[in-house]
Every structure is written in structure tokens, then in C-alpha cells.
Amino acid sequence: MTTRVRYLIPWGLLLLAALASLLFGAGSLPWQEAASALVGQGHEDARFVLLELRLPRLAVGATVGLALGVAGALLQALTRNPLAEPGLLGVSAGSAFAVSLAILFGASTATLTTLVAQAGALAGCALVLAATRLQGTGQDPVRLVLAGATVTGLLLSLTSLLMLIDQRAADEIRFWITGSVAGRQWHQWWATLPSLALATVVILTVIRPLASLALGERVAMGLGHRPGLIRLLVILVVALLVGAATALAGPLVFVGLVVPFAARALAGADIRRTLWLCLPIGPALVVFADTLSRLLVAPSELPLGVITALVGAPVLMVIVRARRMPTL
Amino acid sequence: MTDATMTDTTTAPLSARHLTLAHGEHTIIHELDTALPAGQVTAIVGPNGCGKSTLLNGLARIHKPRGGAVLLNGADIHALPAREVARRLALLPQETHAPEGLTVADLVRFGRHPHQRWLQQWSEADQRALEQALAAADVADLADRPLDTLSGGQRQRAWIAMSIAQETPLLLLDEPTSALDLGHQIEVFELIRSLAGQGKTIAMVVHDLASACRYADHLIAMREGRILRAGAPAEVVTTELIEALYGVTCDLMHDPASGSPVLINLRRVAR
């Protein structure tokens, strides 16, 4: 398979997933009518379903997949650990806890701002960093992940605790925390764009130094880079991205693990090539999973988080059971 | 006072002045003065734990001094921007690793980082430096091979090629031959000699005193964070120095071809 073909496949899959998500599910509409609405004809109701229900949902799903896939790839490059994903650094958990807290204090999932989730993501990250600093091991990527797992456990328990306090909040948290992009609207999608733009700029700044970190900290320093600063910037970007994704769709598991894994399988370990491939693979995975979630038990829906977990768990098993872990 | 002060610290490309390096509370290097003679290969030798790698990291700006200073062309190296230092000084650490599947050319391209600006594309100068580095380290034929498919010696030459692509007048290497068999060791040492022949100033930590004597112009012999002797191997290596460094007695011969000292009849000193 030539390199060009390998790079085109994910984009093709994304196109297919996007088409499928527009044609099937979310609002009862036969696919023929959806198709004619798609080319600018058909009934006004059909156009409404397409443009105001399915298209925003597609955009939200694609954005969530993009953000989580890129965040996972960045975290894995940073920790040089192919198992690292936003769930591991306390990022998703911090985000989920902040959102749950907001719901408890009366916010509803519909009015949640991206900012709350991002603040939570950053706080989760900061907690992990503080924990590693206390041990004086802030420079050790593996301990960073261990501290992250501890903080994640703590935050998830606290989130469960919140659900015991208030029945209304518990129902809403439970619905949101399984992960879904159902019923999302354009204004929620727009709200995440500034974060994505900022993240893009920072990634472009930091990508070359981050790639050099794969050769070891001393080599990176010898090349004139500052590992401490690179880490800080990458963690900020991860918080931005994961916070935005969590605000949109709840804490989706395994997306940050599976997407970079697939990208590396196609492109090799270099973070720059991996990131390029995460751009189509992340959205393709989430949009495809979301379409499945509408079709499997139609006319009702499965939570998206269940599907991504069903897809992700076997991939995790494959990585762990592989005779040797890929080195990053 | 050691012989190191014979080299003037103000004209040497890289020197240390009253340099003190510490890990936490533990002082490794004590108020050390030294200088690398320009255009020569300096070998830093000494027993395990004598601080030779720490000194090299200190000289390379990796390890921040507790006291004193490292001078790069007479200027405090920690007062210079990291990029500026990386254009003048390349470092090859002892333990290196690379992502799976990274090719030799990919690796050598990293050496251009100090010369590239934000978002700047790969330039003609970069390409020229890449090709020259591959040729100089004799890895041009291996350019598209993944590092993990190479022999130890080839891989080490690829890493040295990355340092060459950095186009620095100074090159520091930490035990460049530590994991290699004899043939590959010679392969790497000869490459290092040829780089010095092209005008680079080189310092390397070397475990094996015999190799250090054979391939270095200048020897820095260390024990417990201090320099015992420094100078040309034929002058500084004596049976007394070897006993002081390693606690062994031996007889010395001189290589008829190179004149460098050869250690024979080594015995441990009963203490």
C-alpha cells in the first residue's frame, strides 16, 4: 500500500461516516428524503431535520472526535506511553467533576458552558501536577501517569458522591456522564471554536519541540528546546481540547486511546504524522459510533459512550496483549 | 593546581570556572576548573561515580551549576539562549532511544532544529546539512532504514550524524561506545577522530582508559568530583595515576605505532 493511499483511507472513511450520519437516524426521516434534502431539494421538514438536527450533531461528533483524538496523541507523545489518554491524567475526570458540580448547583446540560468543563480539565491536570511536584518527581512521565490515575479515581468518586446528594442532579449527571451527542445544537458547537483555534496555534508552536522529546529529554535540550515549557503548553492544550469535548458530549472513554493507536499503525510513531492522521480518524470514529448508536436499537438510542467503550476496550486489550508495547 | 589551567579559559571554546555541580544535597563536582583545547579530542576518564558524566552534562548546559560557571567562547553558557547554545554545541547523551520505525534520515533531520524558525519549512541549507551529515558519518546508504533494524555501531553513527547536522563547532559525547563490541567501538572512535580532523572540538566521556589513550589528544582524569591530572595521554598517564584512579597497579608500555600508553599486567592493589 503506498503512503498516499494509506493517508487517503481515513479521509474516505470520514466521508462515508458523515454521509451515513446525515442519512440515517435522529428524527424519523427515510434516507431517500434525507438524500434529496442533502442536494437542496425535498420537503421543508426534511431540510429542517437535516440542517438543524443531523448536521449540528454531525459537526459536534466530528469536533469531539477531533479534540479527543488529538489530545490523546499529544498526551501519549508527552508521556511516551501508548496507553496514556485524557482519562489517565485526570483531565476527563476533572472536567466531568466540574460539570457535575455545575449541574448540582442548578445548571442544566443544555446551558453548560465549555469554560466550566475546561476549568475542570485544567484543575484535574493541575492536581496531578501538584501531586507529582510534592513527590519531587515532576519530570518523570511515568509517575505523572500514575498520579493521574490516582487523581482520576478520586475525582470519579467525588462525582459519584455528588450524585447521592440530589436526585434531580443525579438523573441529569447520569444521562450526561455516559456520553452522548444527541440533541446538540449549533450554538454549543460555536462555543468551542475559540478553544479549537487557540489549541491549533499552540500545537503549531510546540509540535517540533514535542517531536524531539521522543528522543529523550537530554537530546531535546541539546537541540535547544525547553522540555518544561513544552510540557506545560501541551498540558494546557490537552485541557482546552478535552474540556471542549467533554462539555459537548460528556466524558467519552477510549476515543483518545483508539484514534492515536490507529493513526500510528498507519503513519509510524512520529507525532507530526500521527497528528495529521488523527484529524480524519478521530471524527470518523465518533461520527460512525454515533450513527451506530442511533441504528442499533432504533427508534430509541444507545448512549454514544457505550459504543466507544465497546469499540475501545478490545483495542486496549490488543495493545496490552501485543507481545511488546510500541515504543514512542 | 591541575594542568588544565595550562589552556587559557578565555580562548578555549568551552571551559569551566570554579564549577560546582550537585544533585540535590549531594555535591558531585567541586569547584572544578578546566578547558577543552580547540580542535582536539578530549577524553574524560575516571572510576564509576567520579562525576565524569555529570561534568559533561554541566558543560552541555543540561545540568545547572550550584556555583561557578561554564563559559562558551568566554560567555556564561546559562546567560545564552538555549537555541544559540544549540547552534554552537551538540550533545549526544549516553542512553538514547527513538520512536519505533524512525528512519536514519528522520533522526538526522532533528539535528536541524536549532537552525529552524517557527513554522519554517525545510530549507536548502537544511537539505545540504542533512546530506553532508549522512555522508560524514557514512550512513547515507542507510538513510531510509528504521533505526531499530541497524547494528549498534550503525545506530550510533546515525546519532552522531544527527549531531553533525547540527553544524556546531563543539561536540560532547557521553560514553559513545559503551554498548558496542570492539569492532563497532573502533568504527565510532574513528568517526570521532575524523570529525576532529575537520576542526570540531570534541569532548567525550570514555569508560575504557586504553581507548581514551588511543583516540584522545587530551585526557582529563577525574576522581571524586575533582581533576587529578589533565594533559596529553602520553604525558599524564602514569602507573601512579592509574593506581590513584582505579586502585590497580600495572605496567605501562607505549604503542609502537601511535606512542599512546598501553596498560599491561594489571593487578588489584591490596589495601
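The structure presented is a predicted model; accordingly, all values stated were derived computationally and were not measured. Both backbone and side-chain heavy atoms feed into the values below; hydrogens, waters and symmetry mates do not. We name chains A, B, ... by the order of the sequence lines, and we start the count at 1 in each one.
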Looking at Ser163(B), Gly101(B), Pro114(B), which has the largest count of heavy-atom pairs under 4.5 Å with chain A?
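When all of Ser163(B), Gly101(B), Pro114(B) are compared, Pro114(B) has the most.
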Between Asn57(B), Asp148(B), Val85(B), Asp106(B), which residue shows the highest count of heavy-atom pairs closer than 4.5 Å to chain A?
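Ranked by heavy-atom pairs under 4.5 Å with chain A, first place is Asn57(B).
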Please flag which part of [X] lies under 4.5 Å from any non-hydrogen atom of chain A: side chain, backbone, both or neither.
| X | answer |
| --- | --- |
| Gln116(B) | both |
| Leu102(B) | side chain |
| Arg117(B) | backbone |
| Leu89(B) | backbone |

Go through it in stages, so that I can follow the logic: the residues are Arg231(A) and Glu217(A), the test is salt bridge (charged side-chain N to carboxylate O under 4.0 Å, His left out), and I'd like the CA-CA distance, side-chain angles, deciding distance and then a yes or no.
CA-CA 11 Å; Arg231(A) 287 216 175 82; Glu217(A) 188 147 326; 3.0 Å; yes
Against chain B, label Ala220(A) side chain, backbone, both or neither, depending on which of its atoms sit under 4.5 Å from a heavy atom there.
neither
Quick one: do Arg112(B) and Glu167(B) make a salt bridge, cutoff under 4.0 Å?
yes
Aromatic plane relationship, Phe189(B) with Tyr215(B) - under 30° parallel, 30 to 60° tilted, over 60° perpendicular:
parallel
We want to know whether Gln76(A) and Arg264(A) form a side-chain donor-acceptor pair, criterion being a heavy-atom distance below 3.5 angstrom.
yes
Should we count CD of Glu95(B) as having more than 12 external heavy atoms under 6.0 Å?
no
With a sphere of 6.0 Å drawn around CZ of Arg226(A), does it hold more than 12 non-hydrogen atoms of other residues, nucleotides or ligands?
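Atom CZ in Arg226(A) is not packed in, count stays at 12 or less.
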